[in-house]
Amino acid sequence: MTIELHTNLRQPWEVPPETRPGRVTVIGGGIAAATLAAALLKRGREVVLIERHPALAQEGSGNPAGIVMPRPAARNDAETRFFARAFRRALATYEELTEDAFSACGVLQLALTGKEERRLAAFLALGLLETAEGRMVGRDEAQGLTGARLPAGGLWSADGGLLRPRRACARLTAGIDRLMLGQEATALSRTATGWRISLANGETLESETVVIASALEAARFEVTAWLPLAARRGQITLTPPGTQSARLQAALVFGGYMTPLVEGRHAVGATFDHSAGGPQTVEAADHRRNLATLSEALGDILPDQPEEALQGRAALRAVTPDHLPLAGPVPDHAGWLEDYAPLAKNAHRGGLPPARWLPGLYVMAGLGPRGLTVAPLLAEMLAGQICGGTEALPGEEQALLQPGRFIIRQLRRQQGAAG
C-alpha cells in the first residue's frame with residue numbers, strides 16, 4: 001500500500017497544505033481518534049488526546065462488537081477502490097491487536113437474491129481485495145464455514161471479523177504522550193504557531209496541529225460549524241442464543257447483521273434512522289425491527305425471545321450528504337467562498353488560486369456505519385498529510401474525502417441554478 005503522496009491531483013483545492021512539526025492534539029475518543037493517535041505515534045509525533053467522556057469509545061464506537069468487512073459494489077470507481085483499500089488497511093491494523101480486541105472469525109455477506117449474488121460476484125471479479133481472502137461460496141459450503149443453517153451462500157471474507165471497539169481503542173492509544181479523559185474542548189483559536197484549545201474547566205492547551213475527530217461534535221467549533229454533518233440513530237439488539245444460533249462461528253450480513261456470541265449474546269442490528277440528537281434510549285420497537293429483519297432473512301435461526309430477555313444499545317453516528325467521510329485539512333471557509341466564487345458562473349473555471357487552509361487544523365468525522373472499517377486508512381492518510389511520507393491515498397480518493405468538497409459543490413450548484 002505504498003503510494004506516491006498526493007498524486008493525480010487536478011485542482012488547486014485538492015492540494016493539501018505543507019506539513020508542520022510539533023505536537024498534534026486529537027479531539028475525540030472513538031475509533032477515529034484512536035487509530036489516528038496510533039498512526040501519529042508510529043511516526044514519532046508527540047500526541048495529546050482530549051476526550052470529554054471519562055473513558056474511550058463511549059458513543060458511536062461503544063458497541064460491544066462491530067463487524068469489519070468489505071463494502072461490495074459492482075463498479076470499479078474511486079469510491080469502490082477506497083472502501084476496498086480501507087478494508088485491507090483495517091485488517092493490517094487490527095491484526096496487530098490482541099485477540100480479545102479483534103477476532104478474524106470470518107464474515108458471510110449473504111446473496112439472498114440472484115441480483116445480490118451477481119453484485120457480490122461482480123465486486124469480487126474486480127480484484128480489489130488483493131491480499132484479503134474473499135471468495136463466493138455456495139449454500140452448503142457457507143453452512144460449513146459459519147456453523148449455521150442458511151438459506152443461501154454469498155461472499156465469504158475469511159479474514160473479516162469482529163472488533164471490540166473499547167478494547168481496540170485502549171490498545172491503539174497505549175503509549176500516548178498525554179491522555180486527557182473527562183476533559184471537554186469547547187473552543188479553538190489560532191495562535192502565531194498553531195492553535196489554543198479552551199477546555200470546559202477553564203484551562204487551555206496549545207498545539208501546533210489539531211485534529212477534530214469527534215463525530216457530530218466536530219461541527220461545534222466556530223471554524224468548523226459549516227461542516228455538513230447529520231445524525232443517524234442506530235440501535236443494536238443483544239439477544240441470548242438459541243440451539244441453532246449458538247453454533248454460529250462467523251458474522252452474517254443480510255441487510256441487517258448477526259454476530260457470533262459475544263459475552264454470551266448475539267448482537268443483531270442495526271437500525272439507521274434520522275435523529276435530532278439528544279439522549280439515546282433503547283426502544284422495544286427497534287428490537288422488534290431488528291429481529292424481524294433477522295427472521296425474514298434467516299428464518300428460525302433464533303427462537304422468539306421475551307422482551308425482558310433482550311438488551312441493547314443505541315447511539316448516534318455522524319454522516320455526510322454523500323455518505324463519505326470527512327478527512328483532511330480544514331479550509332478557510334470564507335477564503336474559499338471568495339477565491340472560488342468564479343465556479344458559480346463557470347463550474348470548470350481554471351486559473352484559480354491555491355487553496356487557503358486553516359494552518360494546522362484537520363478533521364476526521366462523518367465515518368457513518370462503516371467507521372470501524374474505514375478509520376485505519378483515514379488515519380494513515382491524515383498522518384501522512386500531517387507528518388509527510390509516502391503512505392497515503394491516491395489523489396482521486398483523497399479528493400472524495402476532503403472536507404472542502406462541499407464548498408466547491410455549493411458554488412457549482414449555484415451555476416446550475418442560475419442556468
Side-chain angles (χ1 to χ4, degrees), residues 23-41 45-66 94 97-98 100-102 162-188 195-207 209-221 224 229 231-236 238 262-263 265 267 270 275 277-282 311-318 362-367 371-372 375-376 379:
R23 170 191 295 169
V24 182
T25 297
V26 180
I27 300 174
I31 196 67
T35 52
L36 178 58
L40 292 165
L41 288 169
R45 280 301 184 94
E46 178 189 356
V47 179
V48 174
L49 189 145
I50 302 173
E51 162 57 24
R52 65 191 180 114
H53 292 290
L56 298 172
Q58 296 300 297
E59 297 195 15
S61 299
N63 286 344
Y94 297 145
L97 303 177
T98 53
D100 68 334
F102 177 69
L162 296 184
L163 186 76
R164 308 287 289 274
R166 292 184 179 178
R167 295 178 183 177
C169 287
R171 306 290 186 272
L172 290 162
T173 56
I176 200 168
D177 297 276
R178 188 178 179 189
L179 183 59
M180 301 176 63
L181 299 177
Q183 300 283 349
E184 184 174 8
T186 58
L188 294 172
W195 292 88
R196 179 175 296 110
I197 306 160
S198 299
L199 304 178
N201 64 5
E203 297 179 6
T204 61
L205 175 73
E206 297 202 1
S207 186
T209 299
V210 172
V211 185
I212 308 171
S214 50
L216 290 165
E217 294 293 309
R220 68 174 300 177
F221 302 101
T224 54
L229 292 168
R232 296 292 182 272
R233 180 186 178 278
Q235 179 175 314
I236 63 169
L238 301 172
V262 177
E263 298 178 358
R265 290 176 175 267
S275 175
Q280 300 305 304
T281 58
V282 173
Q311 298 175 8
R313 185 175 185 275
L316 296 179
R317 305 199 183 281
Y362 296 78
V363 66
M364 180 177 171
L367 277 61
L372 299 183

Do Thr224 and Leu188 make a side-chain contact, defined as non-hydrogen atoms from C-beta onward lying under 4.5 Å apart?
no
Only residue of Ile212, Val363, Thr186 satisfying side chain to side chain contact (heavy atoms under 4.5 Å, CB included) with Phe221 is Ile212
Given the options Leu238, Leu372, Val262, Ile236, Asn63 meets side chain to side chain contact (heavy atoms under 4.5 Å, CB included) only with Ile236
Would you please test Ser275 and Gln280 for side chain to side chain contact (heavy atoms under 4.5 Å, CB included) and show each step?
CA-CA 10 Å; Ser275 175; Gln280 300 305 304; 4.0 Å; yes
Contacts of Ala170 meeting side-chain contact (heavy atoms from CB on, under 4.5 Å) (sequence neighbours excluded), chain-then-number -> none
State, to 0.1 Å, how close [X] and [Y] come at their nearest heavy-atom pair, and which atoms those are.
X	Y	value
Ala37	Thr173	CB-CG2, 4.4 Å
Ile27	Ala185	CD1-CB, 4.0 Å
Leu229	Ala365	CD1-CB, 4.2 Å
Ala318	Ala215	CB-C, 3.9 Å
Leu172	Ala38	O-CB, 3.5 Å
Arg233	Val282	NH2-CA, 4.3 Å

Passes side chain to side chain contact (heavy atoms under 4.5 Å, CB included), Leu36 versus Val47? Steps please. CA-CA 10 Å; Leu36 178 58; Val47 179; over 6 Å; no
Arg23 meets the side chain to side chain donor-acceptor pair (under 3.5 Å) criterion, sequence neighbours left out, with Glu46
Does [Y] offer a backbone N or O that forms a donor-acceptor pair with the side chain of [X] under 3.5 Å?
X	Y	answer
Ser61	Pro165	no
Arg171	Leu97	no
Thr204	Arg196	no
Arg164	Pro64	yes
Gln183	Leu181	no
Arg166	Ala57	yes

Practice problem: Applying side chain to side chain contact (heavy atoms under 4.5 Å, CB included), run through Leu56 and Leu49 and close with a yes or a no. | Solution: CA-CA 10 Å; Leu56 298 172; Leu49 189 145; 4.1 Å; yes
Separation between [atom1] of [X] and [atom2] of [Y], rounded to the nearest 0.5 Å:
X	Y	atom1	atom2	value
Arg45	Asp177	CZ	CG	11.5 Å
Leu216	Leu316	CG	CG	6.0 Å
Gln235	Thr281	CD	OG1	8.0 Å

In sequence, state the C-alpha distance, the side-chain angles, and the governing distance for Ile197 and Thr25, and then conclude on side chain to side chain contact (heavy atoms under 4.5 Å, CB included). CA-CA 9 Å; Ile197 306 160; Thr25 297; 3.5 Å; yes
Partner of Arg52 under side-chain hydrogen bond (donor to acceptor under 3.5 Å, both in side chains), picked from Gln58, Glu184, Glu59, is Glu59
